[in-house]
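Protein chains get the first letters and strands the later ones, always in sequence-line order, with residue 1 at the start of each. Because only heavy atoms are used, hydrogens play no part in the values below, and waters and symmetry mates are left out as well, while side chains stay in. Owing to the predicted nature of the structure, the values given are computational and were not obtained by experimental measurement.
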Amino acid sequence: EVQLLESGGGLVQPGRSLRLSCAASGFTFDYYALTWVRRAPGKGLEWVSSITSSGDDTYYADSVKDRFTVSRDISTHTLSLQMNSLRAEDTAVYYCAKGGLGGSSHLDSWGQGTLVTVSS
Amino acid sequence: QSVLTQPPSASATPGQRVTISCFGSGSNVGGNTVNWYQHLPGTAPKLLIHSNYQRPSGVPGRFSGSKSGTSASLAISGLQSEDEADYYCASWDDSLKGLVFGGGTKLTVL
């Protein structure tokens with residue numbers, strides 16, 4: 001059974017940093033792209049970032065480009081999202097999901113999410 | 001403003017059929033597959049339909065998807081109270097080089 005477990009969320013002041021992690025299990029980790037999606041209060045789902053199965057290529061939404069960095073560790077089966085220069089509008093529940101890169105892909109498994117609140 | 005356009009809300013009574021539309025462009029829906037997700041805030045989103053019309057194992061046959069040109073739709077027949085949730089279409093966008101979602105449709109079962 002695929003399991004994705006996010007952690008690292010919390011309350012952080014504007015301009016500060018936070019690192020999210022997603023522990024993956026139940027599938028061959030280095031076979032699949034991985035994706036971060038967020039949902040802000042009162043808003044819909046928003047794609048944040050994706051990383052290829054090898055980790056060689058990364059993709060970002062314009063809203064987070066140059067502030068967020070996605071990475072993956074094959075040895076620990078962990079997906080990470082380093083979030084710098086956080087803004088109030090980054091407040092959301094962040095979900096990690098399996099898949100998501102390319103024209104025929106889809107997000108077939110999701111975690112329960114971790115809440116990030118950016119506020120002074 | 002979302003790249004894919006969905007109606008913000010839909011409603012129907014139990015047992016009825018409801019359809020949710022999703023409009024995009026050639027760089028996303030027109031050239032790539034469309035997926036549909038169901039989400040209740042506080043829970044993990046769930047893949048309902050992938051590759052335009054394919055149902056993952058475990059998704060009831062009441063849910064169906066279709067695509068024509070730059071638009072897609074999700075149909076739910078035999079509506080049940082537990083179908084009350086937010087529904088999102090999504091597709092890869094070749095121009096943006098990213099995944100794009102619709103704004104979501106809140107389905108109310110009356």
**Student:** Working to the nearest 0.5 Å, report the span between OH of B/Tyr88 and CG of A/Leu45.
**Tutor:**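 One finds 4.5 Å between OH of B/Tyr88 and CG of A/Leu45.
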
**Student:** Give a yes or no on whether B/Arg62 atom CZ has more than 12 heavy-atom contacts from other residues, nucleotides or ligands under 6.0 Å away.
**Tutor:**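 Yes.
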
**Student:** Do any of residues 14-36 of chain B come closer than 4.5 Å to chain A, heavy atom to heavy atom, and if so which ones, in number order?
**Tutor:**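 B/Asn32, B/Thr33, B/Asn35 fall under the 4.5 Å cut-off.
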
**Student:** Quick check on A/Lys65: does its NZ atom have over 12 non-hydrogen neighbours (other residues, nucleotides or ligands) under 6.0 Å away?
**Tutor:**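 Above 12, so yes.
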
**Student:** Test B/Asp86 against A/Arg39 for salt bridge (Lys or Arg N to Asp or Glu O under 4.0 Å), laying out the working first.
**Tutor:** CA-CA 12 Å; B/Asp86 300 321; A/Arg39 185 170 185 181; 2.8 Å; yes

**Student:** Please report the closest heavy-atom contact between A/Tyr95 and B/Thr43, naming both atoms and the distance.
**Tutor:**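 The pair with the smallest heavy-atom distance is OH-O, 3.4 Å.
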
**Student:** Which atoms of A/Val48 are under 4.5 Å from chain B, going by heavy atoms: the side chain, the backbone, both sets, or neither?
**Tutor:**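 Neither part; nothing is under 4.5 Å.
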
**Student:** Would A/Tyr94 end up clustered with A/Val64 when hydrophobic side chains under 4.5 Å apart are linked, directly or stepwise?
**Tutor:**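 A/Tyr94 and A/Val64: one cluster.
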
**Student:** Taking A/His106, A/Lys43, A/Glu46 one by one, which has the highest count of heavy-atom pairs under 4.5 Å against chain B?
**Tutor:**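 Answer, by heavy-atom pair count under 4.5 Å with chain B: A/His106.
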
**Student:** Highest number of heavy-atom pairs under 4.5 Å with chain B: which of A/Ala61, A/Ser49, A/Ser105?
**Tutor:**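 Winner by heavy-atom pair count: A/Ser105.
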
**Student:** Does any backbone or side-chain atom of B/Pro45 lie under 4.5 Å from a heavy atom of chain A? Answer side chain, backbone, both or neither.
**Tutor:**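 The answer is both parts of B/Pro45.
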
**Student:** Determine the minimum heavy-atom distance between A/Leu107 and B/Leu47, stating which atoms define it.
**Tutor:**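 So the minimum-distance heavy-atom pair works out to O-CB, 3.6 Å.
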
**Student:** Verify the cluster assignment for B/Ile76 and B/Leu110: are they in a single hydrophobic cluster under the rule of side-chain heavy atoms below 4.5 Å apart?
**Tutor:**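 No, B/Ile76 and B/Leu110 fall in different hydrophobic clusters.
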
**Student:** Could you name each residue pair satisfying ring pair (Phe, Tyr, Trp, His ring centres under 6.0 Å) that touches residues 48-74 of chain A, not counting sequence neighbours?
**Tutor:**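 Found A/Tyr59-B/Trp92.
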
**Student:** Among the options A/Gly44, A/Gly102, A/Ser50, pick out the one with the most heavy-atom pairs lying under 4.5 Å from chain B.
**Tutor:**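 That would be A/Gly102.
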
**Student:** So if you build clusters from Ile, Leu, Val, Met, Phe, Trp, Tyr with side-chain heavy-atom gaps below 4.5 Å, do A/Leu20 and A/Phe29 land together?
**Tutor:**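 Linked, A/Leu20 and A/Phe29 end up in one cluster.
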
**Student:** Any link between A/Leu115 and A/Leu11 through a network of hydrophobic side chains (Ile, Leu, Val, Met, Phe, Trp, Tyr) touching at under 4.5 Å?
**Tutor:**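 Different hydrophobic clusters.
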
**Student:** Does atom OH of B/Tyr53 have more than 12 heavy-atom neighbours, drawn from other residues, nucleotides or ligands, at distances under 6.0 Å?
**Tutor:**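 Open.
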
**Student:** Is B/Val100 reachable from A/Trp47 through a run of I, L, V, M, F, W or Y residues, each pair having side-chain heavy atoms under 4.5 Å apart?
**Tutor:**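 No, because A/Trp47 and B/Val100 fall into different hydrophobic clusters, even though each may have its own neighbours under 4.5 Å.
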
